[in-house]
Amino acid sequence: MTTVRTPRACVPTYRSAEELVLREPHEHAYELADWMQRASLTLQPVERQAWDRAYSWLRVTSGLRAISFDMAYDDGGMCAGGDFDFVWSEMMNEWQLHQVRLGYAAVAIKALVRALQLPGGDVSSAVAAAETDSKLTEWTRLVHARPLAEHLGGHLAVGASEADAPVSVAVRAAFEVHGRVAAGEVGVPEPEEGDDMILSAGHELICVGREATSALLLGGQVLLAGAVGQGTIGAPDEDKYLLDGMWIRGTAGEPVWVDEEISYKKYLAFLHLEPGEPPLD
């Protein structure tokens, strides 16, 4: 009898903290799309079409919840569809879920750059321009941006530079992740076989796909903040109702609990965070 074992997955600290936890990508994409749907627009028809495409692709990014693979290989023998194939199928389900979602997010953010008519059409440069604008720091100094950039840099074996623009660094790394897969530079992970054991593998590939998707979505937040600051679009003129409240970052960097409502303009800086549990006192 073969034992199937699953090693500890890659979980960055910003996904396991008690407060100010980064949302899972599909939830993050949903909140970003919801903000876009409510924004006040004065775009020309061509730009409005790109905006609508960006919104739709964010909805697709959010709506993707599962992918199913069957890696069983029937060679006519007695071992067809064994433990190895089962573990491999489960690995592929999770790996490709994040890879496909990353592709959707990339399409959405590129469409957003076109909609906002940002010069050059380069996403990371556009993000850097907004991120380093001193008038926008309230919305562009996003919680976890630097740790995320550093985490992705660790996966790609490159250092995180541009200390004032960690989101743009993370966005650039995310597109590199996506490009490496598209260029055939990344192999398909397979389970590892040991003494009477089959180990699930490929955890780094799963992790980097998930974090790269989050990086692109953070880039989307910064781009929207820049557009609001420049008057290209208007922030939704309403409040976000928080069903159970949520944690946000205070002016001194401390976690602050917010009950019931927050303006959508302010929410843009925090929509990537999970609500969390309310304080005990």
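The residues of the chain are indexed from 1 along the displayed sequence.
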Verdict with reasoning, Glu190 to Phe84, per side chain to side chain contact (heavy atoms under 4.5 Å, CB included) = CA-CA 9 Å; Glu190 296 185 9; Phe84 182 93; 4.1 Å; yes

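- For the salt bridge (charged side-chain N to carboxylate O under 4.0 Å, His left out) condition, no pair includes a residue of residues 56-70, sequence neighbours left out.
- Applying the salt bridge (charged side-chain N to carboxylate O under 4.0 Å, His left out) criterion to Asp52, with sequence neighbours excluded, gives Arg48.
- For residues 123-151, the ring pair (Phe, Tyr, Trp, His ring centres under 6.0 Å) pairs, not counting sequence neighbours, are Tyr14-His144, His151-His155.
- Here the side chains of Trp257 and Pro278 are in contact, with some heavy-atom distance below 4.5 Å.
- Residues that satisfy the salt bridge (charged side-chain N to carboxylate O under 4.0 Å, His left out) test with Glu274, not counting sequence neighbours, are absent from this structure.
- Side-chain contact between Leu148 and Ser214 is present, with at least one heavy-atom pair separated by less than 4.5 Å.
- Each salt bridge (charged side-chain N to carboxylate O under 4.0 Å, His left out) pair with one or both residues in residues 203-217, not counting sequence neighbours, appears once here: Arg15-Glu211.
- Within a 6.0 Å sphere centred on CG of Asp239, other residues, nucleotides and ligands contribute more than 12 heavy atoms.
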For residues 215-236, which side-chain donor-acceptor pairs fall under 3.5 Å, sequence neighbours excluded?
unit_1: Gln221; atom_1: OE1; unit_2: His28; atom_2: NE2; d: 2.7
unit_1: Gln221; atom_1: NE2; unit_2: Leu268; atom_2: O; d: 2.8
unit_1: Gln221; atom_1: NE2; unit_2: His272; atom_2: ND1; d: 3.3

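- Surrounding CD of Glu277 are at most 12 heavy atoms belonging to other residues, nucleotides or ligands under 6.0 Å away.
- If you take CG on Leu205 and CD on Gln96, they are separated by 10.0 Å, rounding to the nearest 0.5 Å.
- Side-chain contact between Pro191 and Leu199 is absent, with no heavy-atom pair separated by less than 4.5 Å.
- Considering only heavy atoms from C-beta on, Leu20 stays 4.5 Å or farther from Phe270 through its side chain.
- Taking each heavy atom of Ser200 and Val87 in turn, the nearest pair found is CA-CG1, 3.8 Å.
- The shortest side-chain heavy-atom distance between Pro189 and Trp95 falls under the 4.5 Å cut-off.
- With Glu131 contributing its side chain and Val167 its backbone, the two residues share a donor-acceptor pair below 3.5 Å.
- Linking Ile, Leu, Val, Met, Phe, Trp and Tyr residues whenever their side-chain heavy atoms come within less than 4.5 Å leaves Met36 and Tyr30 in two separate clusters.
- Ser125 pairs by the side-chain hydrogen bond (donor to acceptor under 3.5 Å, both in side chains) definition with Asp122, not counting sequence neighbours.
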Can you list the steps and then say if Ile206 with Gln99 is a side chain to side chain contact (heavy atoms under 4.5 Å, CB included)?
-> CA-CA 8 Å; Ile206 293 169; Gln99 285 299 319; over 6 Å; no

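- Put simply, CD on Glu90 and CG on Asp85 are 12.0 Å apart, with the number rounded to the nearest 0.5 Å.
- Listed by first and then second residue, the salt bridge (charged side-chain N to carboxylate O under 4.0 Å, His left out) pairs involving residues 253-273 amount to none (not counting sequence neighbours).
- Atom OG1 of residue Thr213 and atom NE2 of residue His26 lie 12.0 Å apart, to the nearest 0.5 angstrom.
- Looking at Arg101, its side chain never comes within 3.5 Å of a backbone N or O of Pro25 through a donor-acceptor pair.
- Pro275 has its side chain out of reach of Asp244: every pair of non-hydrogen atoms, C-beta onward, lies at least 4.5 Å apart.
- Listed here is the closest heavy atom pair of Ser168 and Ser124: CB-O, 3.4 Å.
- Shortest non-hydrogen contact noted between Ala170 and Leu152 is O-CD1, 3.7 Å.
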Quick one: side chains of residues 102-115, donor-acceptor pairs under 3.5 Å with protein atoms, not counting sequence neighbours, listed by atom name and distance.
none

Intermediate values then yes/no, side chain to side chain contact (heavy atoms under 4.5 Å, CB included), Leu273 and Arg23 = CA-CA 5 Å; Leu273 301 176; Arg23 288 185 188 271; 5.5 Å; no

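- For Tyr264, the side-chain hydrogen bond (donor to acceptor under 3.5 Å, both in side chains) criterion is met by Asp34, Arg38, not counting sequence neighbours.
- Ile248 and Val21 fall into different hydrophobic clusters, defined by Ile, Leu, Val, Met, Phe, Trp and Tyr side-chain heavy atoms under 4.5 Å apart, directly or through other members.
- The closest side-chain heavy-atom distance from Arg141 to Arg249 is below 4.5 Å.
- A distance of 9.5 Å separates NE2 in His98 from CG in Leu64, rounded to the nearest 0.5 Å.
- Contact annotation: the side chain of Met91 never approaches that of Phe69 to less than 4.5 Å [non-hydrogen atoms, C-beta and beyond].
- Grouping Ile, Leu, Val, Met, Phe, Trp and Tyr residues whose side-chain heavy atoms lie under 4.5 Å apart, directly or via other members, places Tyr241 in a hydrophobic cluster with Leu243.
- Formation of a donor-acceptor pair under 3.5 Å by the Ser62 side chain with backbone atoms of Leu58 is not found in this model.
- For Glu185, the side-chain contact (heavy atoms from CB on, under 4.5 Å) partners two or more places apart in sequence, or in a different chain, are Arg180, Ala183.
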Residue pair Leu156, Glu176: steps toward the side chain to side chain contact (heavy atoms under 4.5 Å, CB included) verdict = CA-CA 9 Å; Leu156 298 173; Glu176 183 173 347; 4.1 Å; yes

